[in-house]
Amino acid sequence: TRQVPRVWVHRTKQGEAIDVRIHAADIVFHGRPARLVLAEDITAQLAGEREMAYRASHDPTTQLPNQHALFAQLDTLIAKHGRFDIAYLQALGMDAIADTFGINVSTGVLQAVAQRLAQHAGEDEFLAAVTHEAFVLVASAGQLTHAKLKEIAQSVIEPLHYEETQHQIDIVIGVASYPQDGAQSDVLFGRAALAAHAHIRSDQPVHYFEAALAQQSKEKLHFAARLRKAVRRHEFEMHFQPITNYPDRQLIGLEALIR
């Protein structure tokens, strides 16, 4: 009979631990029952598989879990029916740094921001890098207090020095909660991101998702789509409205209007 190969840890004569796959089968040898055992060294193969799995689930710049790993974590939490919060941390100004100082400096700055954020992530919290300028922090309900989020924001905006350059990164944080703000991982992620993006120009760093934000976002998208459609169809007309001086009503200019 042939058995399914099993993986064991074997120690060589030199004391090195290696991974081996054991292949075993019952055979007949010179007319007598025997057992054939083959040990295959698969250390390099398993190391390669682990490296591929790591790269598939981690951001190469910050070494933090990536968006794929984030959604897997959210799905796991949702399956457990536990309450939790998700904070979308949008760093501002990274593109300007890349354009001005180059990609190497912007990469170093992003890594420094990631390190600052990691210092605030507890052992039972999950920090992920989802874009080249955005992170997500997931924690059980009640752990991401307003005070803690403001503390995180304050740590990020502290002046940052990298290769003889100084930078100050602004940040806006959007928060969504499970289950009240969504029952699916992609919905929660999108609503936390919306809470951040809707307040990019706000003086306050922390904002919470509200149902009205989703409606406003839909209306803006629909309005933008109608505008583009109207432009393609040449539906706009140019009108000129005279501007006169008071009180003699002398024409001094024109105001152009699109209707």
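All residue numbers refer to positions in the sequence shown, counting from 1. Heavy-atom basis, side chains included; hydrogens, waters and symmetry copies ignored.
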Do any N or O atoms from the side chain of Gln45 and from the backbone of Ile42 form a donor-acceptor pair under 3.5 angstrom?
-> no
Mind listing the closest non-hydrogen atom pair of Leu251 and Pro242 along with its distance?
-> CD1-CB, 3.7 Å
Ser177 side-chain N/O to Gln180 backbone N/O, donor-acceptor pair under 3.5 Å = no
Nearest atoms (heavy-atom pairs only) where Phe126 meets Ala69 | CZ-O, 3.9 Å
May I ask you to decide if the ring planes of His197 and Tyr88 are parallel, tilted or perpendicular, using 30° and 60° as cut-offs?
-> perpendicular
Does Thr61 reach the side chain of His132, with side-chain heavy atoms less than 4.5 Å apart?
-> no
Candidate pair Gln111 and Gln115, rule side chain to side chain donor-acceptor pair (under 3.5 Å), full reasoning | CA-CA 6 Å; Gln111 291 171 339; Gln115 292 173 0; over 6 Å; no
His239, NE2 atom: more than 12 neighbouring heavy atoms under 6.0 Å = yes
Only distances under 3.5 Å count here; give the side-chain donor-acceptor pairs of residues 151-161 to other protein atoms, sequence neighbours excluded, each with its distance to 0.1 Å.
from	atom 1	to	atom 2	distance (Å)
Gln154	NE2	Glu158	OE2	2.9
Ser155	OG	His120	NE2	3.2
Ser155	OG	Ile152	O	2.7

Does the side chain of Ile171 come within less than 4.5 Å of Ile169's, by heavy atoms?
-> no
Only one of Thr100, Asp95, Ile97, Asp99 passes side-chain contact (heavy atoms from CB on, under 4.5 Å) with Ser106; say which it is.
-> Ile97
Heavy-atom side-chain proximity of Thr62 to Phe135 below 4.5 angstrom | yes
Shared hydrophobic cluster for Leu127 and Val136 (ILVMFWY, side-chain gaps under 4.5 Å) | no
Look up atom CD in Gln90 and atom OG1 in Thr131, then write down how far apart they are to the nearest 0.5 Å.
-> 6.0 Å
Mind listing the closest non-hydrogen atom pair of Ala129 and Leu64 along with its distance?
-> N-CB, 4.0 Å
Could you state whether Leu89 and Val130 fall into the same hydrophobic cluster, counting links through intermediate Ile, Leu, Val, Met, Phe, Trp or Tyr residues with side-chain heavy atoms under 4.5 angstrom apart?
-> no
Under a single-linkage definition using a 4.5 Å side-chain heavy-atom cutoff for Ile, Leu, Val, Met, Phe, Trp and Tyr, are Val37 and Ile18 assigned to the same hydrophobic cluster?
-> yes
Can any side-chain N or O of Thr43 pair as donor or acceptor with the backbone N or O of Asp19 at less than 3.5 Å?
-> yes
Same hydrophobic cluster for Val206 and Val113, using side-chain heavy-atom links shorter than 4.5 Å among ILVMFWY?
-> yes
Answer yes or no: is there a side-chain heavy-atom contact under 4.5 Å between Gln63 and Tyr54?
-> yes
Hphob cluster co-occupancy, Leu137 + Leu70, side-chain heavy atoms under 4.5 angstrom = no
Sub-4.5 Å side-chain heavy-atom contact between Leu149 and Tyr208 = yes
With a 4.5 Å limit on heavy-atom distance, are the side chains of Ile86 and Tyr178 in contact?
-> no
Step-by-step side chain to side chain donor-acceptor pair (under 3.5 Å) determination, Asp41 to His10 = CA-CA 9 Å; Asp41 185 354; His10 176 73; over 6 Å; no
Can you tell me how far NE2 of His199 sits from CG of Leu194, rounded to the nearest 0.5 angstrom?
-> 9.0 Å
Main-chain N/O of Asp181 paired to Arg191 side chain as donor or acceptor, under 3.5 Å = yes
If you count the non-hydrogen atoms of other residues, nucleotides and ligands that lie under 6.0 Å from CD in Glu51, is the total more than 12?
-> yes
Which atom names give the shortest non-hydrogen contact between Trp8 and Ile22, and what distance separates them?
-> CD1-CG1, 3.2 Å
What is the minimum heavy-atom distance between Pro65 and His58, and which atoms define it?
-> N-CD2, 3.7 Å
Is Met238 close to Ile258 at the side-chain level, that is, under 4.5 Å between some pair of heavy atoms?
-> yes
Side-chain heavy-atom pair Glu163, Phe101 within 4.5 angstrom cut-off = no
Tightest non-hydrogen contact, residues Ser202 and His207, listed as OG-CE1, 3.1 Å
Criterion side-chain contact (heavy atoms from CB on, under 4.5 Å) against Leu144, the qualifying member of Val138, Asp85, Ile173 = Asp85
side-chain contact (heavy atoms from CB on, under 4.5 Å) evaluation trace for Ile78 with Phe84 | CA-CA 9 Å; Ile78 291 173; Phe84 62 89; 3.9 Å; yes
When rounded to the nearest 0.5 Å, the distance separating OG of Ser185 from CG of Leu77 is 10.0 Å
For the atom pair CD (Gln241) and CD1 (Ile243), what is the distance rounded to the nearest 0.5 Å?
-> 7.5 Å
From Leu74 atom CG to Gln67 atom CD, the distance as rounded to the nearest 0.5 Å | 10.0 Å
Write out all pairs satisfying ring pair (Phe, Tyr, Trp, His ring centres under 6.0 Å) with one or both partners inside residues 26-49, taking only residues at least two apart or from two chains.
-> none
